[in-house]
Amino acid sequence: MNCKQRFFLVIEDHPEVNQNNCEFLQILEPQCTCVGVNTPQQGIEQLELEIPALLVIDLQFGTVGGGQSAKPGLAMLKQIFECYPTVNILVYSSEPNCLRQLIAQIGNHQGGFVVVNKMERRNAFLEGARCALAGQLKIHRDLMKEMQLTQQELEILDLLCNQALSDRAIAQQMHVSHKTAQNYVQRLKAKLDIEPLDGQNTNSRVAVCMAAIDRKLIVC
C-alpha cells in the first residue's frame with residue numbers, strides 16, 4: 001500500500017487497548033503516524049488539528065462512578081458526522097448495537113464506516129481498518145436492514161438498474177472518480193444485504209436490482 005506518512009487517530013480510554021490498536025495499525029502501514037487519546041474531548045481537539053486517514057473509536061468510556069457508558073462515545077460520533085462527513089471511521093467496540101441510535105447518520109456518512117466487535121479476532125480489526133480506508137460501509141446485518149438509501153444512492157440505483165451503466169459510466173455521469181463510483185455501488189450492495197458472489201460482478205449487480213425491485217425502490 002502506498003503510504004505517505006498517513007495519520008491514524010485512536011480514541012480509546014483503555015491504555016493497553018489504545019496502544020495495541022496503534023501497533024496493529026502500524027502493522028498495516030509501518031511508516032504511518034498513529035496518535036492515541038483517552039477521551040472524546042481529546043479526540044475532538046485532535047481532529048481540529050488534523051483530519052486522520054482513519055479514525056478508530058470505542059463507544060464505551062469510563063464514568064465518574066467507575067462504570068462504562070456509551071453516551072459520550074455516541075455524542076462524539078454524532079459531532080464527527082456533523083463536522084467531518086468524509087473521514088474514514090472504524091468503530092472497535094464491545095457494544096456495537098448502541099449504534100442503532102445513529103443509524104440515519106451512519107447511512108448518510110460519506111466516508112468509510114466499518115464496525116468490528118472487540119470479541120472478534122485481531123485479524124478482523126485489520127480487515128476492518130482496510131475496508132474503512134477504502135471508503136466501504138460494513139456494519140452488522142441487523143443494523144444494515146434498518147438503514148435507508150440516500151437520495152444520491154437512489155440516483156445510483158437508477159443508473160445501475162434502469163440505465164445499466166458500468167461503474168466507469170456511473171463515475172462519468174456523477175462527475176466522480178471511478179473508485180468513488182465503485183464505493184457507491186458497494187454501499188448499495190451492503191444496504192440491500194447482497195452477499196459477495198465470488199467476484200462475479202454481473203451477478204451481484206443483478207442481485208442488487210432484484211432486491212431493489214422487491215423493495216419497490218425501482219420499477220421494472
Side-chain angles (χ1 to χ4, degrees), residues 54-55 59 74 77-78 80-82 84-93 95-117 120 124-220:
L54 178 66
L55 174 62
L59 297 178
L74 291 172
L77 195 51
K78 185 176 181 180
I80 290 168
F81 285 144
E82 293 172 355
Y84 307 98
T86 61
V87 68
N88 296 318
I89 300 172
L90 171 61
V91 174
Y92 186 57
S93 177
E95 297 293 340
N97 284 332
C98 292
L99 290 168
R100 182 168 275 108
Q101 301 175 42
L102 298 180
I103 199 70
Q105 291 93 329
I106 294 170
N108 289 322
H109 188 61
Q110 299 170 41
F113 191 89
V114 177
V115 180
V116 175
N117 195 311
E120 296 186 55
F125 175 88
L126 287 176
E127 180 59 23
R130 291 189 186 96
C131 292
L133 283 166
Q136 296 182 17
L137 171 66
K138 288 194 174 184
I139 64 175
H140 194 277
R141 292 178 69 178
D142 289 344
L143 295 178
M144 193 73 78
K145 290 177 181 178
E146 300 179 23
M147 194 172 292
Q148 301 297 313
L149 298 188
T150 66
Q151 185 58 43
Q152 183 185 60
E153 286 165 342
L154 290 172
E155 293 175 13
I156 299 296
L157 198 59
D158 175 66
L159 296 174
L160 181 70
C161 300
N162 291 332
Q163 301 186 43
L165 297 188
S166 66
D167 290 349
R168 196 169 298 280
I170 289 173
Q172 293 174 347
Q173 183 77 15
M174 300 294 292
H175 305 292
V176 298
S177 69
H178 184 212
K179 178 63 176 177
T180 299
Q182 289 177 320
N183 282 338
Y184 287 159
V185 175
Q186 184 275 332
R187 283 172 176 261
L188 281 174
K189 293 176 184 178
K191 288 188 177 184
L192 295 175
D193 197 24
I194 305 301
E195 293 287 348
L197 298 174
D198 299 324
Q200 298 177 25
N201 192 49
T202 301
N203 288 344
S204 65
R205 283 168 168 262
V206 170
V208 166
C209 297
M210 290 178 63
I213 292 171
D214 288 342
R215 297 190 188 191
K216 304 297 190 291
L217 297 172
I218 59 173
V219 293
C220 57

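Sequence positions, counted from 1, serve as the residue numbers for this chain.
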Exercise for the section: Could you pull out all residues at least two apart from C98 that satisfy disulfide bond (SG atoms under 2.5 Å apart)? Expected result: none
Exercise for the section: Quick one: closest heavy-atom pair of L165 and R205, and the distance? Expected result: O-NH1, 3.0 Å
Exercise for the section: Name all residues meeting the side-chain contact (heavy atoms from CB on, under 4.5 Å) criterion together with A104; count only those two or more places apart in sequence or in a different chain, and write none if there are none. Expected result: none
Problem - Minimum-distance pair of heavy atoms, taken over all atoms of N88 and G112 - result: OD1-N, 2.8 Å
Exercise for the section: Could you list the residues that satisfy salt bridge (charged side-chain N to carboxylate O under 4.0 Å, His left out) with R215, not counting sequence neighbours? Expected result: none
Practice task
Please assess V91 against I139 for the test side chain to side chain contact (heavy atoms under 4.5 Å, CB included), listing each intermediate value before the final yes or no.
Solution key: CA-CA 9 Å; V91 174; I139 64 175; over 6 Å; no
Exercise for the section: Start with the C-alpha distance between Y84 and L55, add both sets of side-chain angles, then the distance that settles side chain to side chain contact (heavy atoms under 4.5 Å, CB included), and finish with yes or no. Expected result: CA-CA 11 Å; Y84 307 98; L55 174 62; over 6 Å; no
Problem - Under the salt bridge (charged side-chain N to carboxylate O under 4.0 Å, His left out) test, residues paired with E127 that sit two or more places apart - result: R130
Exercise for the section: Name all pairs fulfilling the salt bridge (charged side-chain N to carboxylate O under 4.0 Å, His left out) condition that reach into residues 100-113, sequence neighbours left out, sorted by first residue then second. Expected result: R100-E146
Handout entry: Residues forming a salt bridge (charged side-chain N to carboxylate O under 4.0 Å, His left out) with R168, sequence neighbours excluded
Key = none
Problem - Exercise: identify the closest heavy-atom pair between M147 and I106 - result: CE-CG2, 3.6 Å
Handout entry: With Q182 via side-chain hydrogen bond (donor to acceptor under 3.5 Å, both in side chains) - residues at least two apart
Key = none
Fill in the blank from the handout: Residue set satisfying salt bridge (charged side-chain N to carboxylate O under 4.0 Å, His left out) with K138, at least two apart, ordered chain then number -> none
Practice task
Verify side chain to side chain contact (heavy atoms under 4.5 Å, CB included) between L159 and M174, making sure each step is shown before the conclusion.
Solution key: CA-CA 10 Å; L159 296 174; M174 300 294 292; 3.8 Å; yes
Problem - Heavy-atom pair with the smallest gap, counting every atom of I89 and A132 - result: O-CB, 3.7 Å
Completion exercise
Heavy-atom nearest pair, V116 first then G128, reads CG2-CA, 4.1 Å
Handout entry: Non-neighbouring partners of Q101 that pass side-chain contact (heavy atoms from CB on, under 4.5 Å), sequence neighbours left out
Key = L74
Practice task
Look at atom CD of Q148 and say whether more than 12 heavy atoms of other residues, nucleotides or ligands are closer to it than 6.0 Å.
Solution key: no
Fill in the blank from the handout: The ring pair (Phe, Tyr, Trp, His ring centres under 6.0 Å) partners of F81 (sequence neighbours excluded) come to H109, F113
Problem - Nearest atoms (heavy-atom pairs only) where A211 meets I194 - result: CB-CD1, 3.9 Å
Completion exercise
Residues at least two apart in sequence or cross-chain that pass side-chain contact (heavy atoms from CB on, under 4.5 Å) with D214, listed by chain then number, are none
Handout entry: Residue list, side-chain contact (heavy atoms from CB on, under 4.5 Å) with A129, at least two apart or on another chain
Key = L25, L28, L54, L90
Exercise for the section: Output, in order, the C-alpha distance, side-chain angles, deciding distance and verdict of side chain to side chain contact (heavy atoms under 4.5 Å, CB included) for V115 and L143. Expected result: CA-CA 11 Å; V115 180; L143 295 178; 6.0 Å; no
